Participant: 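Attaching a single structure in structure tokens format; questions to follow.
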2 protein chains.
Amino acid sequence: MHTRRSKPPTIPQDINIDVLEDTLSFYIRTINIAVSRDLDERLEGLDVAKGTGKITTLLLVDDYPGIRPSVIAHLIMRDRSAMGRLIDQMEDHGLIRREISPEDSRAQELYITEAGTALAVKIREIVPKQSRDFFSFIPEDEQRLVTDILRRAYRRIVGLHE
Amino acid sequence: MHTRRSKPPTIPQDINIDVLEDTLSFYIRTINIAVSRDLDERLEGLDVAKGTGKITTLLLVDDYPGIRPSVIAHLIMRDRSAMGRLIDQMEDHGLIRREISPEDSRAQELYITEAGTALAVKIREIVPKQSRDFFSFIPEDEQRLVTDILRRAYRRIVGLHE
DNA sequence: TATTGTTATACTCTATAACTATA
DNA sequence: TATAGTTATAGAGTATAACAATA
């Protein structure tokens with residue numbers, strides 16, 4: 001049986017979470033848990049569930065053939081060792097493949113496979129829809145507002161132009 | 001040596017992350033990694049670093065003496081088993097203690113210790129400051145806007161009045 | 001029969017460091 | 001000496017299920 005999210009009968013409605021009430025990082029961290037769980041459910045069985053990196057990797061490799069692992073690692077905020085394991089997994093699943101760069105034999109280039117392309121098609125449908133659905137109780141204009149601000153935050157954090 | 005976040009020399013500035021560009025869940029999930037990492041650094045050595053639950057638990061137990069584990073579990077989106085281990089840890093660190101509820105001997109009540117109170121004082125300073133600092137490149141009014149919207153999202157998700 | 005909390009297990013993610021090979 | 005990627009390992013967090021005691 002799965003005991004999680006078994007809401008106790010009485011959650012005091014007037015509860016106040018102290019200084020966290022006004023703390024953006026608290027909401028980011030907490031909502032992250034809920035939205036990630038929901039996304040995992042929607043991706044069940046799709047070789048790309050769990051963790052934040054696989055979806056981004058798949059789409060980037062599809063869009064930028066030959067992209068380097070270290071570039072993706074930077075964009076998904078992982079180190080090279082975590083990135084390597086992630087690529088191992090995706091290679092095992094036949095979604096992408098590595099080649100050694102002809103220009104610099106230390107470096108690798110990543111390419112998508114047919115299976116990867118097919119999965120990317122599904123992903124492009126599921127992922128944005130999951131986000132819209134999950135946050136559907138937020139009015140659309142507010143959703144867009146938050147997204148715009150957080151996009152800029154993200155780009156700032158990883159050092160992309162805004 | 002710590003290899004993470006070693007930005008590769010050339011991150012193409014015109015890179016586009018496909019459908020994720022407009023996907024709120026992507027930004028929540030990715031920024032979560034960065035902000036959690038930064039928070040952990042600021043809390044280093046404080047018995048309350050790592051994971052999302054300890055800080056909230058400490059503050060709630062301090063504010064609501066006798067609060068039940070299952071209520072906190074619900075508010076931090078963990079199941080009762082994870083909550084139990086979290087309480088074990090905090091009890092080991094001498095921050096809180098458990099008592100069996102006189103009204104219902106299945107249930108527990110949580111109380112703060114002196115060490116817990118002292119830590120809560122520090123936390124109340126560090127945590128909101130960390131959030132403000134981390135997001136300082138977002139203008140203050142936008143930060144407030146995002147916080148207000150996400151607060152409502154959070155309350156909606158956990159079933160608190162808005 | 002449902003609820004509160006516990007225990008156990010397997011899996012994943014994370015942080016860190018040391019390593020190889022190439023530039 | 002710096003860079004790209006690999007390997008190894010210890011620690012945390014997560015999901016799941018089965019459990020005991022009480023209501």
Side-chain angles (χ1 to χ4, degrees), chain A residues 1-11 29-30 32-34 36-41 44 47-54 66-74 76-89 91 98-110, chain B residues 1-11 29-30 32-34 36-41 43-44 47-54 57 66-74 76-92 98-110:
Chain A
M1 204 203 15
H2 111 152
T3 49
R4 189 163 25 85
R5 276 161 294 181
S6 62
K7 182 170 162 185
T10 46
I11 292 292
R29 284 154 57 81
T30 310
N32 168 62
I33 297 176
S36 296
R37 221 171 249 161
D38 184 73
L39 181 59
D40 276 352
E41 278 169 28
E44 200 166 329
D47 274 350
V48 90
K50 311 261 170 182
T52 324
K54 285 166 218 140
I67 193 170
R68 301 270 183 92
S70 58
V71 170
I72 301 178
H74 180 73
I76 63 177
M77 315 221 187
R78 297 238 145 54
D79 66 3
R80 288 197 312 268
S81 86
M83 191 67 217
R85 282 184 308 259
L86 205 154
I87 295 171
D88 287 343
Q89 230 185 309
E91 217 179 16
R98 318 182 211 226
E99 282 183 25
I100 291 180
S101 166
E103 292 121 47
D104 180 344
S105 47
R106 293 172 305 182
Q108 298 176 351
E109 300 177 345
L110 302 176
Chain B
M1 202 203 15
H2 110 153
T3 51
R4 190 164 23 86
R5 277 161 294 181
S6 62
K7 183 170 163 184
T10 47
I11 292 292
R29 285 154 57 81
T30 310
N32 169 62
I33 298 175
S36 296
R37 220 171 249 159
D38 184 72
L39 181 58
D40 276 352
E41 277 168 30
L43 293 174
E44 199 165 330
D47 274 348
V48 92
K50 310 262 169 180
T52 326
K54 286 166 217 140
T57 301
I67 193 170
R68 301 270 182 91
S70 58
V71 170
I72 301 177
H74 179 73
I76 64 176
M77 316 224 186
R78 297 238 146 54
D79 67 3
R80 289 198 309 270
S81 87
M83 191 67 217
R85 283 185 307 258
L86 204 154
I87 295 170
D88 287 343
Q89 231 185 308
M90 295 181 72
E91 217 179 16
D92 288 349
R98 317 182 212 228
E99 282 183 23
I100 292 179
S101 165
E103 292 122 46
D104 180 344
S105 47
R106 293 171 305 182
Q108 299 177 353
E109 300 177 343
L110 301 177

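Hydrogens, waters and symmetry mates play no part in the numbers below; they use all other heavy atoms, side chains included. As the structure is a prediction and not an experimental result, all values here were calculated from the model. To find a chain, count down the sequence lines: A is the first, B the second, and so on, and within it residues start at 1.
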Participant: Roughly how many Å is it from CZ in A:Arg85 to C1' in C:dT12, rounded to a whole number?
Facilitator: 10 Å

Participant: Let me know the distance between CG of B:Asp79 and P of C:dT4, rounded to the nearest Å.
Facilitator: 13 Å

Participant: Look at the side chain of A:Arg78 and the backbone N and O of A:Leu86, then say whether any donor-acceptor pair between them is shorter than 3.5 Å.
Facilitator: no

Participant: Starting from P on C:dC13, measure out to CG on A:Asn32 and report it in whole angstrom.
Facilitator: 13 Å

Participant: Looking for any heavy atom pair under 4.0 Å, which part of the strands does B:Ala107 touch: base, sugar-phosphate only, or nothing?
Facilitator: sugar-phosphate

Participant: Can you name the side chain to side chain donor-acceptor pair (under 3.5 Å) partners of A:Ser36, sequence neighbours left out?
Facilitator: A:Asn32, B:Arg29

Participant: Could you tell me the separation between the CG atom of B:Asp38 and the C1' atom of C:dA15, rounded to a whole number of Å?
Facilitator: 16 Å

Participant: In whole angstroms, how far is the C1' atom of C:dC13 from the CG atom of A:Leu86?
Facilitator: 11 Å

Participant: On a heavy-atom basis, which atom in A:Ala73 and which in A:Asp79 lie closest, and how many Å separate them?
Facilitator: CB-O, 4.2 Å

Participant: In whole Å, I'd like the distance from the CZ atom of A:Arg80 to the P atom of C:dA18.
Facilitator: 15 Å

Participant: In whole angstrom, what separates A:Glu109's CD from D:dA4's P?
Facilitator: 14 Å

Participant: Provide the closest heavy-atom pair for A:Ile76 versus A:Gly53 in the form atom of the first, atom of the second, distance.
Facilitator: CD1-CA, 3.7 Å

Participant: Taking only the side-chain heavy atoms of B:Ser81 (C-beta and beyond), determine which of D:dG5, D:dG13, D:dT16 contains the nearest atom.
Facilitator: D:dT16

Participant: Nucleotides 20-23 of chain D: which of its N/O atoms have a protein N/O under 3.5 Å away?
Facilitator:
from   : atom 1 : to       : atom 2 : distance (Å)
D:dT22 : O3'    : B:Ser105 : OG     : 2.8
D:dT22 : O2     : B:Arg106 : NH1    : 3.4
D:dA23 : OP1    : B:Ser105 : N      : 3.0
D:dA23 : OP1    : B:Ser105 : OG     : 3.1

Participant: Shortest non-hydrogen contact from B:Lys54 to B:Met90?
Facilitator: O-CE, 3.7 Å

Participant: Pick the closest DNA chain D nucleotide for A:Arg68 and for A:Ile33 by heavy atoms, then say which residue is nearer the 5' end.
Facilitator: A:Arg68

Participant: Of all residues at least two apart in sequence or in a different chain, which pass the side chain to side chain contact (heavy atoms under 4.5 Å, CB included) check with A:Ser101?
Facilitator: A:Arg68, A:Glu103, A:Asp104, A:Ala107, A:Glu109

Participant: Taking CG from B:Asp88 and P from C:dT6, how many angstroms apart are they, rounded to a whole number?
Facilitator: 7 Å

Participant: Minimum heavy-atom separation for A:Arg98 and A:Ile87, please, with both atom names.
Facilitator: CZ-CG2, 3.5 Å

Participant: On DNA chain C, does the nearest nucleotide to B:Gln108 precede the nearest nucleotide to A:Lys54 from the 5' side, or the other way round? Give the residue.
Facilitator: B:Gln108

Participant: I want to verify a distance call: between D:dT14, C:dG5, C:dT14, whose nearest atom is closest to the A:Arg78 side chain?
Facilitator: C:dT14

